[in-house]
K.L.:
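Before I ask anything, let me first share the structure, which is written out below as structure tokens.
Keep in mind that this is a model prediction, so the values were computed, not measured. Only heavy atoms go into these numbers, but all of them, side chains included; no hydrogens, no water, no symmetry mates.
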Amino acid sequence: TARAILLFAGLRRWFPDLIPTVALWYSKRRRLFLFNDEARDSSGDIFDSAEGCAQGDPLGPFLFAIGYHWTLLEMQVRHPSTLIPGSAAGSG
């Protein structure tokens with residue numbers, strides 16, 4: 001999952017104007033839903049999400065990409081001689 005710290009670090013660098021809006025949705029735990037009802041475990045406790053992009057959020061892929069890109073840049077700085085290969089999925 002894209003941790004909120006990484007997501008907000010990327011937003012601070014590239015899209016600082018979005019921070020107040022994103023913070024409204026990502027500053028606290030969110031409930032997860034399954035088939036239009038709250039997701040529960042076998043004992044009936046409700047599942048909450050504290051990490052990653054919110055389920056059904058149309059900005060989710062964008063926010064995930066921001067956090068992922070920030071992570072890759074941090075890895076590049078900390079390990080400059082390490083090659084991080086990209087996915088070959090769909091390349092032929």
Side-chain angles (χ1 to χ4, degrees):
T1 62
R3 294 185 173 269
I5 291 170
L6 302 173
L7 189 152
F8 281 103
L11 285 175
R12 254 189 307 283
R13 180 171 180 184
W14 297 297
F15 303 98
D17 293 342
L18 290 178
I19 291 174
T21 302
V22 173
L24 286 172
W25 301 107
Y26 289 92
S27 61
K28 61 181 180 178
R29 299 172 80 88
R30 297 166 307 279
R31 290 194 172 162
L32 295 177
F33 291 87
L34 181 64
F35 303 112
N36 295 324
D37 196 11
E38 293 175 326
R40 297 175 184 270
D41 63 15
S42 60
S43 64
D45 294 330
I46 296 173
F47 283 122
D48 284 332
S49 174
E51 294 185 9
C53 299
Q55 187 178 14
D57 182 358
L59 286 178
F62 168 74
L63 296 173
F64 176 84
I66 294 295
Y68 188 70
H69 187 68
W70 179 262
T71 302
L72 290 175
L73 291 176
E74 286 292 310
M75 289 174 62
Q76 185 179 31
V77 167
R78 293 178 189 183
H79 308 283
S81 62
T82 301
L83 176 64
I84 304 170
S87 171
S91 62

K.L.:
Kindly check if the number of other-residue, nucleotide or ligand heavy atoms within 6.0 Å of CD (E74) is above 12?
P.N.:
yes
K.L.:
Considering residues at least two apart in sequence or located in another chain, which fulfil the side chain to side chain donor-acceptor pair (under 3.5 Å) criterion with R13?
P.N.:
none
K.L.:
Would the F8 and F15 ring centres measure less than 6.0 Å apart?
P.N.:
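Judged by ring-centre distance (under 6.0 Å), F8 and F15 do not meet the cut-off.
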K.L.:
Check the surroundings of atom CH2 in W25: do more than 12 heavy atoms from other residues, nucleotides or ligands lie under 6.0 Å from it?
P.N.:
no
K.L.:
If you measure from CG on L59 to CG on L18, what distance do you get to the nearest 0.5 Å?
P.N.:
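That separation rounds to 7.5 Å.
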K.L.:
Where do W70 and L6 come nearest, in terms of heavy atoms and distance?
P.N.:
CD1-CD2, 3.9 Å
K.L.:
Are the side chains of L73 and H69 in touch, meaning some heavy atoms are under 4.5 Å apart?
P.N.:
yes
K.L.:
Report the distance from atom CG of D57 to atom CZ of F64, rounding to the nearest 0.5 Å.
P.N.:
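One gets 13.5 Å once the value is rounded to the nearest 0.5 Å.
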K.L.:
What pair of heavy atoms forms the shortest contact from P58 to P61, and how long is it?
P.N.:
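Residues P58 and P61, closest heavy atoms: O-CD, 3.7 Å.
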K.L.:
So which of T71, L63, I19 actually passes side-chain contact (heavy atoms from CB on, under 4.5 Å) with L7?
P.N.:
L63
K.L.:
Side-chain heavy atoms under 4.5 angstrom apart, residues restricted to Ile, Leu, Val, Met, Phe, Trp, Tyr: same cluster for V22 and L24?
P.N.:
yes
